[in-house]
Amino acid sequence: MSAKIIDGKAISNQVMEDLKPRIASLKEKGIIPGLTVIIVGKDPASMSYIKSKGKACERLGIGSETIMLKENTPQNDLLAIIENLNLNPRVHGILVQLPLPDQIDDDLVLESISPAKDVDGFSPVNMGKLIAGQDCFVPATPNGVMEMFSRSNIDPEGKHVVIIGRSNIVGKPMAALLMQKKKGANATVTLCHSRTKNIPDITRQADILIAAIGQPNFVTAEMVRPGAVVIDIGINRVDDDSRERGYRIVGDVDFEAVKEVASAITPVPGGVGRMTIAMLMKNTVQACENSLSQ
Ligand code: GUN
C-alpha cells in the first residue's frame with residue numbers, strides 16, 4: 001500500500017487564502033503589512049528562498065523589500081540597518097536570511113531585531129516564549145508542520161514523534177511545539193542528532209518521523225515503522241544533468257521507498273517548503289495586526 005501524500009501546495013494555498021480577508025481589513029484602515037528581508041552575500045539556496053518570499057508577498061499584496069548586502073559587509077553596518085527598520089512604522093516584519101558570513105555574529109544580529117518584528121521567531125525573546133508556552137512568533141518551518149498536521153487530521157497527541165536534527169531553525173522549535181500541553185500537540189518527543197547512537201533503532205519506534213538533517217536519502221525504508229507518518233523538511237540540491245539548471249531538489253527521505261512503508265508522507269518539493277513561506281506570510285500579517293494595538 002502506498003502512503004497518502006500530504007499536499008503542501010494545497011494546504012499552503014488554504015493558509016494564504018485565509019490571510020486575504022485579514023489583509024483586506026488592514027487595507028481598509030489604510031495599512032499595508034510590510035516585510036523586509038535582508039540578505040548578506042549570494043548563497044544560492046538563500047537567493048531562491050527570498051525569491052519565493054517575494055512572490056508570496058506580491059500574491060497577497062504584502063509590501064516586500066529586499067536589502068541585498070555584500071558578502072563582506074561589516075557587522076555594525078548590518079546592525080545599523082536593523083536599528084532603522086526597528087524604528088520604521090511601515091516595516092512590520094524583519095527577516096535576516098541565515099546563514100550569515102563569518103565576520104557577523106548571528107546571535108547578536110538576531111538579538112538586535114525587535115521581538116515585535118521578529119517574524120522568523122529566531123530572537124531569544126521569541127525562542128524563550130516558545131519554550132515557556134507563551135504567545136509568540138513561531139519559526140515558520142516547524143509551525144508549518146503543525147499546520148499540516150491540523151489540516152490533514154493528524155493528531156500528534158500521545159504519539160511518539162521522533163525528530164532528526166537539532167537546529168535552532170527547525171529541530172529545537174519543532175520539539176518545543178510538539179511537547180506543548182495543548183490541543184494539537186501533547187506528543188512524546190525524541191530528538192536525535194549527529195551524536196545519537198543507533199538512530200534507526202529509535203526512528204523505527206516513531207509514530208511520526210520528522211527529518212531535518214540536510215542529507216539526501218538519509219531516511220531509508222528500513223528506518224520507518226510500517227504505517228508511520230513521515231515529514232521531510234530537507235531541501236537539498238543534487239546534481240542532475242537532465243535538468244536545464246543542472247540540479248534537482250530532494251529531501252532527506254528516500255521518498256520512493258519510504259512511501260511504500262509509511263501511511264502518509266510529505267513530498268519534496270511541494271511539501272513543507274511551501275508551508276514555510278505561507279507561515280511567514282501569516283506571521284507578517286500578525287505582526288502588522290499587533291502593531292495596531294501597541
Ligand atoms: N535559512 C534557512 N531557513 C531560514 C529561515 O526560515 N529564515 C531565515 N531567516 N533564514 C533561513
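No experiment lies behind these values; they were computed from the predicted model shown. Below, all heavy atoms of this structure are taken into account, side chains as well, without hydrogens, waters or symmetry copies. Both counts, for ligands and for their atoms, begin at 1 and track the order of listing. We count residues from 1, following the sequence as given.
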- [ ] I would like to know whether Lys9 and Asn13 meet side chain to side chain contact (heavy atoms under 4.5 Å, CB included); could you show each step before the answer?
- [x] CA-CA 6 Å; Lys9 191 171 167 189; Asn13 278 335; 4.3 Å; yes
Open item on the list: On a heavy-atom basis, which atom in Gly34 and which in Thr284 lie closest, and how many Å separate them?
Closed with: O-CG2, 4.0 Å
TODO: For ligand 1, note which part of Val96 has a heavy atom under 4.0 Å away: side chain, backbone, both or neither.
DONE: backbone
- [ ] State whether the number of non-hydrogen atoms from other residues, nucleotides or ligands found under 6.0 Å of Glu58 atom CD is greater than 12.
- [x] no
TODO: Give a yes or no answer on whether the side chain of Asp118 reaches the backbone of Ser114 with a donor-acceptor pair at less than 3.5 Å.
DONE: no
TODO: Answer yes or no: does an N/O atom from Thr276 fall short of 3.5 Å to an N/O atom of ligand 1?
DONE: no
TODO: Among all protein heavy atoms, pick out the one at the shortest distance from atom 11 (C) of ligand 1; state its residue, atom name and that distance to 0.1 Å.
DONE: Gln97 NE2, 3.2 Å
TODO: Please report which non-hydrogen protein atom sits nearest to atom 4 (C) of ligand 1, along with the residue it belongs to and the distance in Å to one decimal place.
DONE: Tyr49 CE2, 3.5 Å
- [ ] Just jot down the ligand 1 atoms closer than 4.0 angstrom to any heavy atom of Leu98, in number order.
- [x] 1 (N), 8 (C), 9 (N), 10 (N), 11 (C)
Open item on the list: Using a 4.0 Å cut-off to any heavy atom of Asp120, which atoms of ligand 1 qualify?
Closed with: 5 (C), 6 (O), 7 (N), 8 (C), 9 (N)
Open item on the list: Below 4.0 Å from ligand 1: does a non-hydrogen atom of Thr141 turn up there or not?
Closed with: no
Task: Phe122 and its side-chain contact (heavy atoms from CB on, under 4.5 Å) partner, picked from Asp106, Asn168, Leu98 - done: Leu98
Task: Geometric N/O contact Leu95 with ligand 1, under 3.5 angstrom - done: no
Task: Enclosure of Asn72 CG (heavy-atom neighbours >12, cutoff 6.0 Å) - done: yes
